Amino acid sequence: MEKHFGILLDVSYSFNEKKQSFLSLCVKTKKGKEFFFERGFFPYFYVIVDDAKKRLPEIESHLFANKFPVRKAAIEKKSNAENVIKLSFNNTEELKEAREEVKKFPFVLERHEYDIPFTKRYLLDTGLAPMNGITLETKNGSDIENAKPFDADEKDITGLCMAAFDLETHSPGRFSNPLKDPIISIAMTAGEKELVFAWRKDQKKDASVFFESEKEVAEEFVSQMEKTSPDIVVTYNGDSFDFPYLAQRCKKLGVELKRAFFGHEPRLKRMGLDNAYRINGVQHLDAYKVIRVMNRFGVVNLVKFDLESVSDAIFGANKKKVDHNDINLAWETGKGMKEVIDYNREDATYTYRIAQRYLLLYAELCRLSHETLFEASRSGASSLVEDLLMAKAFELNALVPNKPEEGEVKKRMLQSFKGGYVKEPVPGLHENIAVLDFRSLHPSIMISHNVSPETLRCTHGECMEGKNVSPDKDWFCMKQKGFIPTVLEEILEKRVQAKKGMKKTSPKDPAYALFASKQQALKILLNSHYGYLGYPRSRWYSRQCAKAITAWSRHYIRDINIKAEQENFIALYTDTDSAFLKVPKEKTKEDVLEFVKKMNSELPGAMELEFEGYYRRGIFVTKREGGAAKKRYALLDFDGNLKIVGFEYVRRDWAKIAKDTQRQVLQAVLELGSPQKAIELVKDKIKKLREGKVEKKDLIVLTQIKKPLKSYESIGPHVAAAKKAVARGKEIEVGSTVSFIITKNGKSISDRAELEEFVKEGNYDADYYIEHQLIPAVIRIIAELGVSKEDLVQGGKQKSLEFFS
DNA sequence: TAATTCGCTAGACCGA
DNA sequence: TCGGTCTAGCGAA
């Protein structure tokens with residue numbers, strides 16, 4: 001018996017000569033990357049039958065497909081079901097046949113856990129998780145006798161070998177065609193190591209080119225990758241570009257790409273409409289997808305996702321883009337190859353840095369969900385939550401609910417439920433505003449009220465009439481802690497620990513990054529559970545639970561407003577989990593803190609009202625149709641910091657000139673309490689626009705193309721601009737963001753819209769930018785101080801209203 | 001083709 | 001050419 005320790009990287013399965021499924025575990029140990037084999041774990045699923053004792057022998061003697069019996073059948077005790085029989089099979093093919101066949105058995109009432117992939121099954125049952133520690137006992141060198149998880153620390157993860165690469169290709173057409181257009185250079189970054197392999201057509205004239213041919217470049221890349229032998233390989237959009245391109249070229253050139261990765265070929269894996277490249281034993285991290293997901297989870301907030309914008313936003317990189325045409329030209333003529341090589345190297349390096357930045361966060365997500373890094377980095381909230389819940393269900397010996405069938409999904413999609421409470425604000429300028437909010441409102445309600453699908457409407461008489469009834473009359477068991485609350489409490493506790501860890505560690509300490517990543521990952525999962533309960537495709541779907549959670553949320557935040565008003569605060573505005581209170585002159589910040597303390601003493605344990613901040617001034621504006629606008633406001637704190645929420649300023653689909661002016665106007669209005677300066681500002685901008693002096697970059701509007709261009713019913717400016725560009729030969733993908741400008745040429749706004757790249761400086765419609773961008777962005781703000789549109793446009797007499805003396 | 005609902009605003013579209 | 005309705009996108013929570 002030998003013992004091994006390491007980090008689990010990957011699990012895959014195959015068949016042996018006896019047609020039995022067995023698992024291969026790829027583990028990073030002290031010796032490097034090693035593969036171990038689990039031959040004693042078999043695929044299985046469950047059935048619920050009418051009478052387990054009676055049916056067990058019937059199942060045992062049955063020949064599936066008239067060929068094979070069940071490998072093993074056994075009655076299982078489950079915490080949430082009776083008459084459960086576990087059916088194991090020699091291999092996954094047999095399981096697939098059997099799970100269909102049992103549907104026809106009249107005594108089989110339900111099937112469960114029949115669609116869990118074998119590798120996932122193994123990870124759930126053993127508690128092992130990718131990117132976490134694994135202790136192995138083996139015989140014959142690599143056959144697993146016993147495998148157990150242990151908590152890896154930050155050094156184990158950052159100690160993994162990571163390599164990023166990036167291709168530059170020739171693109172004489174608009175796009176490179178892997179069948180004919182060669183790779184010009186490949187850059188590779190692994191830690192300190194930064195390499196570029198390049199070649200060009202006529203290399204005699206350029207000494208900076210290192211190789212004679214594309215084939216040599218590819219060979220060198222493969223050799224270097226083999227030598228580096230990474231555990232994680234990183235690309236930027238490698239799922240869609242670098243991997244398929246490289247694979248095609250290597251095939252054509254007769255270069256063995258798999259040599260780069262332990263003899264494992266990168267394989268295309270279809271994930272819905274999306275493609276992904278997966279390599280056995282090497283985790284492919286597509287940093288582009290990482291960024292997209294981080295954006296969705298609110299870890300970053302980005303509009304554009306090209307590597308330049310992303311590295312600029314995250315690292316302040318100011319990375320320069322080298323245009324396709326320049327790359328082509330350099331390769332064709334030899335002039336400017338150095339720029340191409342530098343550009344290529346930077347691409348690989350920033351790709352590497354992005355991966356490095358989020359590696360620990362993903363390691364934590366892997367650990368919680370038991371997904372591989374490859375999977376977790378391509379997963380949305382629902383799959384992370386679901387996999388976490390499945391792992392917990394196994395721990396708690398509970399049967400996992402089935403995925404809904406398509407018909408059921410459709411039905412669920414038609415049923416919505418009421419969300420949070422949003423109070424119409426008191427419009428106008430206000431002074432001394434305290435903002436309070438509930439910390440993790442939804443999770444804390446779920447924990448406090450034991451909200452879970454199986455505690456909903458329990459049959460205990462006292463629960464039905466007891467204290468735990470939601471405002472819309474659903475009740476949840478008070479006797480037994482529910483599944484979801486159990487899981488949430490655990491996550492919450494882990495997060496508290498991680499935050500404690502952060503506090504006692506210096507930000508310079510490498511351990512700090514681990515704590516920070518952990519708490520971030522836990523926060524993502526914590527906040528996703530409520531949405532998951534209301535998500536039509538989820539296994540633990542419960543509209544009733546989601547509905548009860550929001551009903552309680554409305555109750556609690558309203559209650560805060562009521563109690564606040566009883567204490568002579570004025571409830572200005574409310575959105576879901578936050579309350580804006582105007583603090584009257586005779587009260588202070590301390591009174592607010594006192595109020596918060598009092599509220600917390602009355603709230604259930606897991607719930608907590610927090611003091612978010614105290615502001616000198618704030619503004620809410622009136623909508624065009626009247627009434628005050630919800631979800632848009634601006635606050636100015638006592639240090640002069642401006643917080644703008646919901647306004648055009650924070651929206652990508654407005655021109656910079658309008659957004660910047662709006663921010664300046666808000667700043668001026670809130671700081672001075674009067675509109676004069678704001679009016680001057682706006683008039684100045686109008687003048688500049690009229691004079692044609694405004695630069696293109698300040699006029700660009702960014703909008704996403706969300707569906708195929710031909711399926712739009714209503715042709716808005718962004719669609720019109722995109723269509724015109726396509727007619728000129730540009731390719732526009734679904735999901736891409738287009739930048740457009742409203743020009744002078746055309747009738748409707750859409751007629752005048754053109755993609756920015758086709759517009760010359762100075763060709764813009766000043767009237768449009770004044771009437772449809774600048775004025776709408778500011779008018780509702782200064783209108784709160786009595787200024788009208790005419791005061792702006794005609795320079796009419798100014799109001800001399802002073803709001804605060 | 002992968003968490004939810006609430007809300008604002010624009011510009012096209014359509015019929016009078 | 002008008003006013004109402006609908007499509008579309010994005011943001012707050």
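Note that the structure is a prediction, hence the values are computed from the model and not measured. Side chains included, hydrogens not; waters and symmetry mates left out as well; all remaining heavy atoms used.
A salt bridge between A:Glu489 and A:Lys494 is absent, with no side-chain N of the basic residue lying under 4.0 Å from a carboxylate O of the acidic one. Residues A:Glu408 and A:Arg412 are paired through a salt bridge, judged by an N-O separation under 4.0 Å between the basic side chain and the carboxylate. One finds a salt bridge joining A:Glu771 and A:Lys789 here, because a Lys/Arg side-chain nitrogen approaches an Asp/Glu carboxylate oxygen to under 4.0 Å. Taking the charged nitrogens against the carboxylate oxygens, A:Glu386 and A:Lys403 have no contact shorter than 4.0 Å, which rules out a salt bridge.
Residue contacts shown for A:His442 are absent, as no nucleic acid heavy atom lies under 4.0 Å away. A:Gly531 comes within 4.0 angstrom of a nucleotide base, judged by non-hydrogen atoms across all strands. Contact annotation for A:Tyr633: backbone-only contact, meaning every heavy-atom pair under 4.0 Å involves sugar-phosphate atoms and none involves a base. A:His718 comes within 4.0 angstrom of sugar-phosphate atoms only, judged by non-hydrogen atoms across all strands, and of no base. Nucleic acid contact for A:Ser416: sugar-phosphate only, since backbone atoms but no base atoms lie under 4.0 Å from a heavy atom of the residue. Within 4.0 Å of A:Ser750, counting heavy atoms only, lie sugar-phosphate atoms of the nucleic acid but no base atom. Residue A:Ser528 is classed as having no contact, given no heavy-atom separation below 4.0 Å to the nucleic acid.
Between B:dA10, B:dA3, B:dC6, one nucleotide has an atom nearer to the side chain of A:Tyr535 than all others, and that is B:dA3. In this structure, the nucleotide among B:dG11, B:dT5, C:dA12 sitting nearest to the side chain of A:Lys631 is C:dA12. Proximity note for A:Arg632 (side chain, C-beta onward) versus B:dT9, B:dT4, B:dC6: the nearest is B:dT9.
Listed by residue number, the members of residues 641-656 of chain A with any heavy atom below 4.0 angstrom from DNA chain C are A:Val645, A:Gly646, A:Val650, A:Arg651, A:Arg652, A:Asp653. Within a heavy-atom distance below 4.0 Å of DNA chain B, the residues of residues 702-716 of chain A found are A:Glu713, A:Ser714, A:Ile715.
Residue A:Arg624 places at least one side-chain N or O closer than 4.0 Å to OP1 or OP2 of B:dA10. Dashed line: the shortest gap from a side-chain N or O of A:Tyr768 to OP1 or OP2 of B:dG11 is under 4.0 Å. For A:Arg780 and B:dT9, the shortest distance from a side-chain N or O to OP1 or OP2 is below 4.0 Å.
A:Lys630 forms no cation-pi arrangement with A:Tyr573, by the criterion of a distance under 6.0 Å to the ring centre and an angle within 45° of the ring axis.
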